[in-house]
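To start, the structure itself, in C-alpha cells.
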Amino acid sequence: MLGVCYYPEHWPEVWWPDDARRMREMGISFVRIGEFAWSRYEPRRGQYEWEWLDRAIDVLGKAGLKVVLGTPTATPPKWLLDEYPEIAPVDAHGNIRGFGSRRHYTFSSEIYRDESCRIVEIMALRYGQNPAIVGWQTDNEYGCHDTVLSWGREDLKAFQAWLRRNYQTTDQLNEAWGNVFWSMEVQDFEQISLPNLAVTEANPAARLDFWRFQSSQVASYNKLQCDIIRKHSPGRWITHNFMGFFNEFDHWPVGEQIDIASWDSYPTGFVERFPFSEEERNRWAETSHPDIAPFHHDLYRGVGRGRFWVMEQQPGPVNWAPWNPVPKPGMIRLWTWEALAHGAEVVSYFRWRQATSAQEQMHSGLNLPGLSELSVGGQEATRTGKELQEIGSLPDTEQAPVAIVYDYEAYWMTRIQPHAADFRYEELVFHFYESARRLGLDVDLVPPGASLEGYKLVLVPSLPHVSEKALKAFENAKGFVLYGPRSGSRTRNGATPEGLAPGPLRELAGLRITQVSSLRPGLSDPVKGKASGLGIRWREYAETGATVLAKFANGDPALTAKNKHHYLACLPDEKLLGNVMAHICRQAGLKTTKLPPHIRLRRRGKYIFAFNYGDKPWKASNLGKVILGSNLVAPQAVAIWRASSKTDK
Ligand code: GAL
C-alpha cells in the first residue's frame, strides 16, 4: 500500500539498484517515474533516447517494484517552445508565460495537442506491455500554477469555435448572455473577445462560459492521452494526480475518464493557502488542520468512483508555501494511516530523495539531500510499512451516512459574482465538512445529480445552479437535505431564475428569497431558535410557508424546514453551523459523537481509526478490540480498533 515518486534521471545510474532494494526493504511496492523527463526522452526533435528509461524500468521491475509511468507533457522541452512559441499560455493581463519552469502550455493549442499525442503514443507503444508497468499517470497536476485559464490567441480561436458549436447562432448567444445590456451584442462569432481586459467587469455569463470552455479543454486533452494509452497498454490502469483546494476545472468528468483518481497531499502547505485566521494557522502549522487531508481523500474517492491513491504524500517540509515548517514527529505516519483509513489504495511519497539542485532543493524527501540515508519522514514511512505488513489487508470502504454535494461551477459562479468579498465557496464547503466530522461522522463527496440513495443526510453548502438532474436527485432523496445560501439562485447561464431563488428548489424547500445582503467583517445578524449563533458575511431575506426553525433578530426566517428539506439563509459562524448540524443530525437519527477539535474518527468496514492532531492524549472508550496503538491515543498518534459489533460502527 506504499509507493514513492522517483527520478532516476536525477541520480547516477549506479545508484538505481541500491535505491530499488532500499525501497522494497521499507515496504514500498509502487514507484512513479518519468513525468517530467521529456528533455531526456527527446533532446532534439525526433532524436529519441529511451535506453536509459528501459534500464531504469528494468532495474525497478527486477527489484519487485510496480512502475507507474507518467507522460511528460507537463514539461515540454525548450526546442518545442522555440519551434512553436504559440504553445505558451498567456495570463489574464495578456503576458506570455514562458519557458523556464513547467506547465508552459495552453490546453487550446492544437499543435501542443498533436505533440502530446505523438510523445504519449511513442511511450505507450514502447512500454505499454512492459510487465513492470502497472499503470499510467497522465501529465502532472492539470492547472497547477494557475494554468487552466489561458488568455491568448489560441484560446480565443478555440473559444469562438466552442461557442459556435454550443449556441449555433449569435442570436442565441446574445440572448443567453443577456448581451442587450450595455450594447454587448455581436453579429458574428468572430467578434467575440475573451472576457479579460475590459474596462470594467466583463459579462459574467461570458466569464462563466469561458471557464466552462477551459474546463472542457482540460477534459478533452486528458481524454486524448487516455485513448492512446488504452489502445497500446491493455490491462493497465490510468490515473491523474489532482491537487488540493483546486477548483479551476471540473474534476468530475475527468474522473470518469480515468480508472483511479489520485491526488497530491501537502497538508502543511495547504494550511498556508486556506483562508484560516492567523490564530488557526499557527495552531495547525506543524500538523495541518485535521480536516484538510481527509476532505480531499473523501473528495477524490468520489472523483475516482470509489478508487483513489495519494500519489504524492508530503514526507517532511515542503518548499512552496510562504512558511514551510518541519511537521511534528509522527505526522508522516499519521497522514499515511489517515489516507488509508479514508480508503486510499496506495500512499506514495513525494519524493524518494531530496534534490540538491534547482527549484525544489528545499523540499524534503524520504532520503536526505543527495544521500542514501533516511530522513525523519523516511523513518516514519518505514515504521508504517512494518505496521502495514503486520496488520495485513484492510476491510473495504463503505458508503458514508452523510453526503456533501460538491460542485465546481458553484465555485466559478460565486467567484465571478461574489457580491461579498469574503463569500468563498471552498471555505463554506470545508466548514460544512468539518462540522459533520466534528460529530464523528464519515462523509462522502458527490457531484450534483448523483444518486443520494442510502444517505441519511445530504449537505448542499451552496448550489447556485440546480440542474434538472440535480433537482431529480434531491426529489428522490430519502434522507434529510440541508441547502445553504445562494442555492438555486442562478440559471445555467448565470441569470436570475424566474420566480426568484431558490429557483427549481422553491417547491421542495418551500421558500422564496427576495433580497440578499452582504455583511462587512464585524457586522453579523444573531440567529435564535432550534439552532443559535450568528449569520456572518451573507444574509438572505426569505418569505416562507415552511416551518421556521430559527430566526434572525428581526424575526425573519434563518433556518426553515419543509418535510426533510432544510434551507439555511445565511453564512453561519462556527457556532451556528455546529448547532444546525447537531439539530439536523438528531432529526435524521444519526448517531454522533462530539469530538474535541483535534480528534477525528474514520471507519473502513469494521475498522475504526482515530487520529490525534493535538498536543494532549485522547482517551477513547469502547470502540472495540485494539488493532494498533491503544485506547489512550497520544499526540500525533493513530489508533485502530475492530468494532466488536455492528452497533459500534
Ligand atoms: C506537486 C508536484 C510535484 C512537486 C510537489 C512539491 O505539486 O506535482 O512535482 O512539485 O508539488 O510539493
Side-chain angles (χ1 to χ4, degrees), residues 3-11 30-40 68-76 100-105 135-148 218 222 225 239-249 251 254 258 260-274 285 288 292-293 296 299-300 308-327 331-332 335-336 339 346-367 369 375 377-378 381:
V4 70
C5 304
Y6 185 50
Y7 299 93
E9 69 275 24
H10 294 183
W11 310 111
F30 294 88
V31 55
R32 183 199 65 182
I33 60 169
E35 79 280 11
F36 297 125
W38 196 336
S39 71
R40 288 291 171 101
V68 180
L69 188 55
T71 67
T73 49
T75 46
S101 61
R102 60 178 171 184
R103 300 219 59 78
H104 35 273
Y105 72 87
W136 292 80
Q137 175 186 297
T138 54
D139 203 284
N140 189 79
E141 294 193 337
Y142 288 137
C144 185
H145 316 302
D146 195 14
T147 51
V148 171
V218 177
N222 184 63
Q225 297 207 10
T239 189
H240 174 75
N241 57 334
F242 299 103
M243 287 183 285
F245 292 124
F246 191 77
N247 296 295
E248 301 291 304
F249 69 92
H251 290 40
V254 178
I258 56 183
I260 303 175
S262 57
W263 82 283
D264 298 343
S265 183
Y266 293 100
T268 63
F270 298 143
V271 168
E272 294 290 340
R273 288 228 169 132
F274 191 77
S288 189
I292 283 192
H296 292 96
L299 171 63
Y300 289 116
F308 85 102
W309 282 32
V310 172
M311 187 56 86
E312 299 182 8
Q313 171 61 59
Q314 171 177 355
V318 302
N319 65 311
W320 45 262
W323 286 273
N324 301 288
V326 171
M331 286 315 295
I332 309 306
W335 289 325
T336 308
V346 171
V347 179
S348 158
Y349 300 95
F350 180 92
R351 49 188 279 160
W352 171 246
R353 179 182 287 112
Q354 184 163 348
T356 50
S357 59
Q359 281 92 329
E360 293 185 346
Q361 289 178 64
M362 305 292 280
H363 194 293
S364 57
L366 293 180
N367 286 277
S375 62

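Hydrogens, waters and symmetry mates play no part in the numbers below; they use all other heavy atoms, side chains included. Computed from a predicted model, the values in this text were never measured in an experiment. Each ligand, and each atom within it, is numbered from 1 in the order the structure gives.
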Selection residues 347-366 - residue pairs positive for salt bridge (charged side-chain N to carboxylate O under 4.0 Å, His left out), sequence neighbours left out =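 Found Asp19-Arg353, Arg102-Glu360.
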
Report the C-alpha separation of Asn241 and Asn140 in whole Å, then their side-chain angles, then the decisive distance to 0.1 Å, and conclude whether the side-chain hydrogen bond (donor to acceptor under 3.5 Å, both in side chains) test is met.
-> CA-CA 6 Å; Asn241 57 334; Asn140 189 79; 2.8 Å; yes

N/O donor to acceptor pairs below 3.5 angstrom from side-chain atoms of residues 316-324, sequence neighbours left out:
unit_1, atom_1, unit_2, atom_2, d
Asn319, ND2, Gln359, O, 3.4
Asn324, OD1, Ala321, N, 3.0
Asn324, ND2, Ala321, O, 2.9

Decide yes or no on side-chain contact (heavy atoms from CB on, under 4.5 Å) for Leu299 and Phe242, but give the supporting numbers first.
-> CA-CA 11 Å; Leu299 171 63; Phe242 299 103; over 6 Å; no

Give every pair formed by an N or O atom of ligand 1 and a protein N or O atom closer than 3.5 Å, one pair per line with both atom names and the distance to 0.1 Å, or write none.
unit_1, atom_1, unit_2, atom_2, d
ligand 1, 7 (O), Glu141, OE1, 2.4
ligand 1, 7 (O), Glu141, OE2, 2.9
ligand 1, 8 (O), Asn140, ND2, 2.9
ligand 1, 8 (O), Glu141, OE1, 3.3
ligand 1, 8 (O), Glu141, OE2, 3.3
ligand 1, 8 (O), Glu312, OE1, 3.0
ligand 1, 8 (O), Glu312, OE2, 2.9
ligand 1, 9 (O), Arg102, NH1, 2.9
ligand 1, 10 (O), Arg102, NH1, 3.3
ligand 1, 10 (O), Arg102, NH2, 2.9
ligand 1, 10 (O), Glu360, OE1, 3.4
ligand 1, 10 (O), Glu360, OE2, 2.3
ligand 1, 12 (O), Trp320, NE1, 2.8
ligand 1, 12 (O), His363, NE2, 2.7

For Gln354, what residues pass the side chain to side chain contact (heavy atoms under 4.5 Å, CB included) criterion, not counting sequence neighbours?
->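 So Gln354 forms a side chain to side chain contact (heavy atoms under 4.5 Å, CB included) with Ser364, Pro369.
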
So, are Glu312 and Arg32 salt-bridged, with charged N and O less than 4.0 Å apart?
->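 Yes, this pair counts.
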
